[in-house]
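Throughout, a chain's letter reflects where its sequence line sits, starting with A, and its residues are numbered from 1.
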Protein chains: 2
Amino acid sequence: MGVSLKDIAERAGVSLATVSNVVNGYRPVGEVTRQRVQRAIDELGYTPNLSARHLRRGRTGLIALAVPELTNPYFAELADVAIREAAGLGYTLLMENTAAERGAELALLEGAQRHLIDGLILSPVAIGREEVLARRARMPLVLIGEGVYDVPYDRVAIDNVAASRTATAHLVALGRRRIAFVGAPPGGDRQSAHLRIRGYREALDAAGIPFDPGLVVPTEQFGRADGEHAMHHLLSLDHPPDAVLAYNDLTAIGALRTLARSGAGVPDDVAVAGIDDIEEGRFSNPTLTTVAPDKRAIGRSAVRRLVSRIEGEGGPPMHVQPSFHLIERESTGPAR
Amino acid sequence: MGVSLKDIAERAGVSLATVSNVVNGYRPVGEVTRQRVQRAIDELGYTPNLSARHLRRGRTGLIALAVPELTNPYFAELADVAIREAAGLGYTLLMENTAAERGAELALLEGAQRHLIDGLILSPVAIGREEVLARRARMPLVLIGEGVYDVPYDRVAIDNVAASRTATAHLVALGRRRIAFVGAPPGGDRQSAHLRIRGYREALDAAGIPFDPGLVVPTEQFGRADGEHAMHHLLSLDHPPDAVLAYNDLTAIGALRTLARSGAGVPDDVAVAGIDDIEEGRFSNPTLTTVAPDKRAIGRSAVRRLVSRIEGEGGPPMHVQPSFHLIERESTGPAR
DNA sequence: CTGAAAGCGCTAACAT
DNA sequence: ATGTTAGCGCTTTCAG
């Protein structure tokens, strides 16, 4: 194997403990000794064996970020922020893919990786409040998104109702009256879709526009293909919508695709808006109006909360609510 | 702490070794004993402490996939495949972001994470052949992409010259004569861009089309914004191109954006093709013609090669060359 | 300020 | 088929 503390201790003519203290700085070390040790470390190219350290400390320095889809740009962008933040705090972040499967989310929740990671950031979509409440594992947990709410864990999520209301109000202000919502939850699960629909309805109510259930289209998943199919369905209606709010940017982009293919003008015939502000929407044709959550804040807060808990911070669970803002682009803009 | 082997051993009235063998199956265990041990494991909810196992075995079971950009869909899709493959082989895959920085690539190459990971899959873009040859670390290494070639390590990469040649030949076959290349390397580094330019030139030569250096546009990076700017430049030329091959799909999508904004017709006025086959290009407007590398094969081969080396496979370095194929979509299709 | 030594939980070599 | 035990490399008491 490689160079160990013992090698350094021998070379520098000191004890193991002293070398350890030079490395970790837990106790003061005399200047002369420190230099001798440091030289030995440099000469031999010592780096601590993390497995041994972890075994001894009972912690691994790893945390996991579990998301329903790795290839979803929203989560990729979030992961990017979270990885940097974790590194800055001395932790390594591991990505987990739950594939939006109940079993996977549950397993993680109950400590599937308990010996590998010190804590978990989970974006739950397939499990509900009861399952989180029934959790028995003690590993620190931070939830992101509004998939599960009102549980005794730290949580980081924007106000989805408000975000959705804002986007819908924008469509209303544009003079749209038949506003569809694409991306309702298939079964009845998927809490965050419910919240976004609630915001949508609130904005409709506020504008005195009657709610038409026929304009709310359920989708299996929340990808581009789902938006594409849902839009297809909407265009086949007797009275197609004049605007669409999609569950997220990805489904919105799918909708744009169908509209382009059908020859419908966007925004002239149909205005389209999404939620997430993924970079793809800044380059789509037309560019996509969206609600931008503060992804930086989400990623950083989630990691910070988790690390605080790992390092022993007590206190009641916190709910961090990062901000969001509407970004108007071509898909709801004036006619070109 | 949690439940340990010792607890199980006591509960089941057997030795540590026997429990270990039930868990790992290294030695046969009597059926009756096995059942007693298994019951104890289930009742106490035992899971092995990985740090201890790693310390003892001298391996961590972690491997890293280091890419220049986490938010690039190509790498996200690759990571998705690789994570699954690694899990299937009993390893956990860690994502590392080099941000295309020389220092980061070099550090990883030289064993920055040596005690955390058993092996590294690296997609080098900022370092060159010499730096890889000068490597002193002994940790197993697999390179992906053609950023560095002809080095004594396993490598997984498609034939970039051929891929690019194929795409260019397709544009030629469409009757295009002024074909631009967007995404040349800025400095002179970035080997894979060179290879793609070589393929582009070969196809031009084969068709008897003179090479026009003014149609090769360097870009800082290889993202959407870079394609957008490069296309802007091309449209400002006295004789703008009638086709564009982009370094990758992302830059191609940036080019599409500029073309849409300028009112140019795609493919009528300008045909556009990319390389990578990211899902985004299947939904862009117009949809993007691209060269699709076998990402599944790339991700799986890279992980398998690495794991083989970690587990002691010797032999000369292998070069795996997954296949690719052209996918014709609207951006080079007939006029709508 | 420094040293000695216990022990984290596991695997594997050696015994029975 | 099962048991005993050394030791992986580190941190952290307890002594000095």
Measure from NE2 on His54(A) to P on dC10(C) and round the result to the nearest Å.
17 Å
Test log, rule side chain to side chain donor-acceptor pair (under 3.5 Å), inputs Glu69(A) and Gln221(A):
CA-CA 11 Å; Glu69(A) 208 188 355; Gln221(A) 307 273 327; over 6 Å; no
Leu16(A) has an atom CG; how far is it from atom C1' of dG9(D), in whole Å?
9 Å
Scan Ser51(A) against the nucleic acid and name what it touches under 4.0 Å (heavy atoms): base, sugar-phosphate only, or nothing.
nothing
Roughly, in whole Å, what's the span from CG in Leu50(A) to P in dC8(D)?
18 Å
Between dC1(C), dT2(C), dC10(D), which nucleotide has the shortest distance from any of its atoms to the side chain of Pro28(A)?
dC1(C)
Using atom CZ of Arg56(A) as one end and atom C1' of dT13(D) as the other, report the distance to the nearest whole Å.
8 Å
What is the distance from NZ of Lys6(B) to P of dG9(C), rounded to the nearest Å?
8 Å
Can you see if the side chain of Ser15(A) gets near the phosphate of dG3(C) - specifically, an N or O under 4.0 Å from OP1 or OP2?
yes
Of dG3(C), dC10(D), dG9(C), the nucleotide closest to the side chain of Ala17(A) is dG3(C)
For the student: nearest non-hydrogen atoms of Arg27(B) and Ala17(B), plus distance
NH2-CB, 3.9 Å
Closest nucleotide among dT11(C), dT11(D), dC10(C) to the Arg57(B) side chain
dT11(C)
So CG of Leu116(A) and CG of Leu94(A): to nearest 0.5 Å the spacing works out to 6.0 Å
When we call it a touch if two heavy atoms are under 4.0 Å apart, what does Asn24(A) touch: a base, just sugar-phosphate, or nothing?
sugar-phosphate
Leu55(B) CG to dA12(C) P, in whole Å, measures 12 Å
Can you tell me if the side-chain N/O atoms of Tyr46(B) get under 4.0 Å from OP1 or OP2 in dC10(C)?
yes
Respond yes when some side-chain nitrogen or oxygen of Ser20(A) is under 4.0 Å from OP1 or OP2 of dC10(D), and no when none is.
no
When rounded to the nearest 0.5 angstrom, what distance separates CD in Glu279(A) from CG in Asn72(B)?
10.0 Å
Identify which nucleotide among dT11(C), dC8(D), dC10(D) has an atom closest to any side-chain atom of Arg53(B), counting heavy atoms from C-beta outward.
dT11(C)
Atom CG of Asn49(A) to atom P of dG7(D): distance rounded to whole Å?
17 Å
When the distance from CZ of Arg27(A) to C1' of dA15(D) is rounded to whole Å, what number comes out?
11 Å
Roughly how far, to the nearest 0.5 Å, is CZ of Arg300(B) from CD of Glu85(B)?
4.5 Å
